[in-house]
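As a basis for the values below, the full set of heavy atoms in this structure was taken, side chains included, without hydrogen atoms, waters or symmetry mates.
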2 protein chains.
Amino acid sequence: MTRDASGSGLDRSPDTLDRAFMALADPVRRAIVARLSRGDATVNELAEPFAITKQAVSKHIQVLEQAGLVTRSRDAQRRPVHLDAAALERLTAWIDQYRLIAESRFRRLDQLLANDTSPQEQAKKEELK
Amino acid sequence: MTRDASGSGLDRSPDTLDRAFMALADPVRRAIVARLSRGDATVNELAEPFAITKQAVSKHIQVLEQAGLVTRSRDAQRRPVHLDAAALERLTAWIDQYRLIAESRFRRLDQLLANDTSPQEQAKKEELK
DNA sequence: CGCTTGATCAATCAAATGGTTGATTAAGAG
DNA sequence: CTCTTAATCAACCATTTGATTGATCAAGCG
């Protein structure tokens, strides 16, 4: 996957949506997001509830960071991880974009069925396929 | 991977969320979702815009189906694929759940900052989990 | 300075994934 | 029945990923 497939050379690197959805596809990373929603935390704090090493958690955070979902700052030798709520909102925006289209289409179809419209009008409206 | 092993009982089995986010992590599958938002379609119709075989598209649809994002029915020898808007809504619901928590926390923090709080203390206030 | 803590880097390994080609099933059409 | 179309199944290959262990780096602390 991730191959160009179009010859235009535009899709060279996986975009932010790829990384963001991929990041949330893992239960450990989702748990990290859940934890971070309540406040910033360090790698060690995040690693504690799980039966995986800190190195693994560090990698997970790298994934979340490259997906733009979290940011990291410096506080002495600690590197607190911060959840970016705006990035989450961009995800829901993408999903809703198509969800709303599908729902409005469903509502229109529902109306047609309720109104018992003439076959010709139905055929017209059905060109949205 | 995908192992809970934490005993906290948060995420146990290969969840629907896993599959759903994983499904949307692929640009081809997102394009399929975008196309399906405008109406049901067959494998061949979906495969046409892409430089991949119909078998590959069939696999993508299987992934989307196991993620609960689409359903398939029978129409003679055709098997139209249908987008499940409710499944998309469940995804946004999960994201928003934590996005809203993070945002409300940010607003509280914002209020604290407005009350003349130095950046160092900001990190300490972060302990309001 | 050496020592401890927090975090990352590096090499490695098993398992999963995306895609392909080729064969096969399901349902109609001639 | 034979042929065509739609779609899936099956075997296979290349790449990627998650996780581990061991070493390394960075920043205080005694």
Side-chain angles (χ1 to χ4, degrees), chain A residues 1-7 11-15 18-33 36 40-67 70-82, chain B residues 1-6 11 13-15 18-32 36 40-67 70-82 120 123 126:
Chain A
M1 99 172 132
T2 308
R3 45 190 250 86
D4 192 332
S6 72
D11 212 10
R12 195 127 303 269
S13 61
D15 68 15
D18 285 53
R19 301 181 201 268
F21 281 123
M22 176 67 81
L24 295 182
D26 187 278
V28 172
R29 287 192 288 263
R30 282 203 304 279
I32 289 176
V33 167
L36 290 176
D40 298 0
T42 65
V43 169
N44 281 324
E45 290 168 349
L46 291 170
E48 203 174 313
F50 302 106
I52 57 178
T53 63
K54 308 173 199 298
Q55 288 93 330
V57 172
S58 187
K59 276 192 179 180
H60 279 305
I61 293 176
Q62 281 182 30
V63 172
L64 289 167
E65 189 179 26
Q66 287 193 331
V70 305
T71 58
R72 277 186 290 189
S73 52
R74 271 247 118 143
D75 173 29
Q77 68 267 61
R78 288 180 180 75
R79 305 205 56 188
V81 186
H82 172 79
Chain B
M1 79 206 73
T2 309
R3 196 172 315 287
D4 175 29
S6 70
D11 268 328
S13 55
D15 203 294
D18 286 51
R19 302 182 200 269
F21 281 123
M22 175 69 80
L24 294 183
D26 187 277
V28 172
R29 287 193 288 263
R30 282 203 305 278
I32 289 176
L36 290 176
D40 299 0
T42 65
V43 169
N44 282 322
E45 291 167 349
L46 290 170
E48 206 173 308
F50 303 105
I52 57 178
T53 62
K54 309 173 199 300
Q55 288 93 331
V57 172
S58 186
K59 276 192 180 180
H60 280 305
I61 293 176
Q62 281 183 31
V63 172
L64 288 166
E65 189 179 26
Q66 287 193 330
V70 305
T71 57
R72 277 186 290 189
S73 52
R74 272 247 132 184
D75 172 28
Q77 68 268 62
R78 289 179 181 74
R79 306 205 56 186
V81 186
H82 173 79
Q120 277 90 3
E126 151 258 314

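Within a 6.0 Å sphere centred on CD of A:E48, heavy atoms belonging to other residues, nucleotides or ligands number 12 at most.
Not one side-chain nitrogen or oxygen of B:T42 sits closer than 4.0 Å to the OP1 or OP2 atom of D:dA6. For B:T53 and C:dG19, the shortest distance from a side-chain N or O to OP1 or OP2 is not below 4.0 Å.
No option in B:D40, B:I32, B:L36 other than B:L36 meets the side-chain contact (heavy atoms from CB on, under 4.5 Å) test with B:V81.
Remark: A:F50 CZ to A:H60 NE2 distance equals 8.5 Å, nearest 0.5 Å.
The list of salt bridge (charged side-chain N to carboxylate O under 4.0 Å, His left out) pairs with a residue in residues 57-66 of chain A, not counting sequence neighbours, reads A:E65-A:R72.
Residue A:N44 has its side chain nearest to C:dG6 when only D:dT20, C:dT20, C:dG6 are considered. In the set D:dA19, C:dT21, C:dA7, D:dA19 carries the atom at the smallest distance from any side-chain atom of A:V28. Closest to the side chain of B:R78, from the set C:dT20, D:dA6, D:dT20, is D:dA6.
Between the P atom of C:dT17 and the CD atom of B:Q66 lies a distance of 10 Å, rounded to the nearest Å. As rounded to whole Å, 15 Å separates atom P of D:dT5 from atom CD of B:E48. Separating the CG atom of B:D40 from the P atom of D:dA7 is a distance of 12 Å, rounded to the nearest angstrom. Straight-line distance from the CD1 atom of A:I52 to the C1' atom of D:dT21: 15 Å, rounded to whole Å. We find that CG of A:L64 is positioned 14 Å from C1' of D:dG18, with the value rounded to whole Å. Rounded to an integer number of Å, the gap from NZ of B:K59 to C1' of C:dT17 is 8 Å. The separation between A:H60 atom NE2 and D:dT17 atom P is 13 Å, rounded to whole Å. Taking atom CE on A:M22 and atom C1' on D:dT15, their separation rounds to 12 Å, with Å as the unit.
Applying the salt bridge (Lys or Arg N to Asp or Glu O under 4.0 Å) test to B:R30 and every residue at least two apart in sequence or in another chain returns A:D15, A:D18.
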For nucleotides 26-30 of chain C, which of its nitrogen or oxygen atoms have a protein nitrogen or oxygen under 3.5 Å away, and what is each distance?
residue : atom : partner : partner atom : Å
C:dA26  : O3'  : B:R74   : NH1          : 3.3
C:dA27  : OP1  : B:R74   : NH1          : 3.4

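Of all heavy-atom pairs spanning A:I61 and A:L46, the tightest one is CD1-CD1, 3.6 Å.
Annotation: side chain of B:Q62 is in contact with side chain of B:S58 (closest heavy-atom distance under 4.5 Å).
In this model, no side-chain donor or acceptor of B:K54 finds a partner on the base of D:dA6 within 3.5 Å.
Sequence order on DNA chain D of the closest nucleotides to B:I61 and A:Q55 puts B:I61 first from the 5' end.
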